[in-house]
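Basis for what follows: all heavy atoms, side chains included, without hydrogens, waters or symmetry-related copies. Just so it is clear, the structure is predicted and the values come from calculations on it, not from any experiment.
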Amino acid sequence: AQSVSQHNHHVILSEAASLELGCNYSYGGTVNLFWYVQYPGQHLQLLLKYFSGDPLVKGIKGFEAEFIKSKFSFNLRKPSVQWSDTAEYFCAVFSGGYNKLIFGAGTRLAVHP
Amino acid sequence: KAGVTQTPRYLIKTRGQQVTLSCSPISGHRSVSWYQQTPGQGLQFLFEYFSETQRNKGNFPGRFSGRQFSNSRSEMNVSTLELGDSALYLCASSLASRDTGELFFGEGSRLTVL
């Protein structure tokens, strides 16, 4: 069965620190990859997506992610976090074979000023 | 452009009751998906509807059901509520002219079962 693993459940950083959140998936076929973010009290919203092409994708608010096919990974990065990045981050995978979006368990990020 | 609208936002029910949640997708979006979000299980896929037809279903018991209307609005129903059904129920819509997995989420309906 298709699954998505996020390496960290809770991450605490100080402002200006660098961020990397790990995501691995298990599916051998073609996939579309996503990172969604849920800010406190807000709805889940798309941060960035990868369908094909350049494996390094850039999203909103300075976030980027790199797709490494050989490692089945899609890690999220940001060079310098801000207090406003405090949120829960979800990695998600979509494949035509399963025809549904599968989410990882999420990573709660807390950024301290 | 209005986003995905879910009603009610909050509700409290007791065990054994049933509940109906409503979702209005973004205008022009024809696919509606439902997810259950809990602290322990995360986001779990319930089902997806397109043009009034259920196209995909997750691993939930038959107490969970849904439907979609001709205007793409969707409802989900949970019968014989159990304590474990307490969760945030999220609706998401997409254009679905070709499935890509990109979804637009509503704010959710938070159900508490006592």
Flag yes if [X] and [Y] sit in one hydrophobic cluster, no otherwise; membership is Ile, Leu, Val, Met, Phe, Trp, Tyr, and two members link when side-chain heavy atoms are under 4.5 Å apart.
X      : Y      : result
W83(A) : L47(A) : no
L21(A) : V31(A) : yes
I12(B) : Y10(B) : no
L90(B) : L21(B) : no
V4(B)  : L11(B) : no

Per-pair distances, 0.1 Å, donor-acceptor, side chain in residues 104-113 of chain A, under 3.5 Å, sequence neighbours excluded:
unit_1, atom_1, unit_2, atom_2, d
T107(A), OG1, Q6(A), NE2, 3.2
T107(A), OG1, N8(A), O, 2.4

Worksheet item: Any donor and acceptor pair, going by atom type alone, linking the side chain of N32(A) with main-chain N or O of G101(B) inside 3.5 Å?
Response: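 Here the side-chain-to-backbone pair does not exist.
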
Practice prompt. State whether the side chain of Y35(B) and the backbone N or O of F103(A) hold a donor-acceptor pair below 3.5 Å, judged by distance alone.
Written response: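 No, Y35(B) side chain to F103(A) backbone: no donor-acceptor pair under 3.5 Å.
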
Quick check on the structure: residues of [range] within a heavy-atom distance below 4.5 Å of chain A, by number.
range                       : result
residues 102-114 of chain B : E102(B), L103(B), F105(B), G106(B), E107(B)
residues 74-85 of chain B   : none
residues 38-46 of chain B   : L43(B), F45(B)

Worksheet item: Does a sphere of radius 6.0 Å around CZ in R15(B) hold more than 12 heavy atoms from other residues, nucleotides or ligands, not counting ones at 6.0 Å or beyond?
Response: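 Not buried by this count: 12 neighbours or fewer within 6.0 Å.
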
Worksheet item: Under 6.0 Å from the CG atom of D54(A), do we count more than 12 heavy atoms belonging to anything else shown?
Response: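 Buried by this count: over 12 neighbours within 6.0 Å.
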
Worksheet entry | Any F90(A) side-chain heavy atom under 4.5 Å of Q37(B) side chain |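 Yes, their side chains come closer than 4.5 Å.
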
Item to complete: To the nearest 0.5 Å, tell me how far L88(B) CG sits from L44(A) CG.
Response: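 Separation between the atoms: 9.5 Å.
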
Practice prompt. Quick one: pull up NZ in K49(A) and OG1 in T100(B) and give me the separation to the nearest 0.5 Å.
Written response: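 Going from NZ on K49(A) over to OG1 on T100(B), the span is 6.5 Å.
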
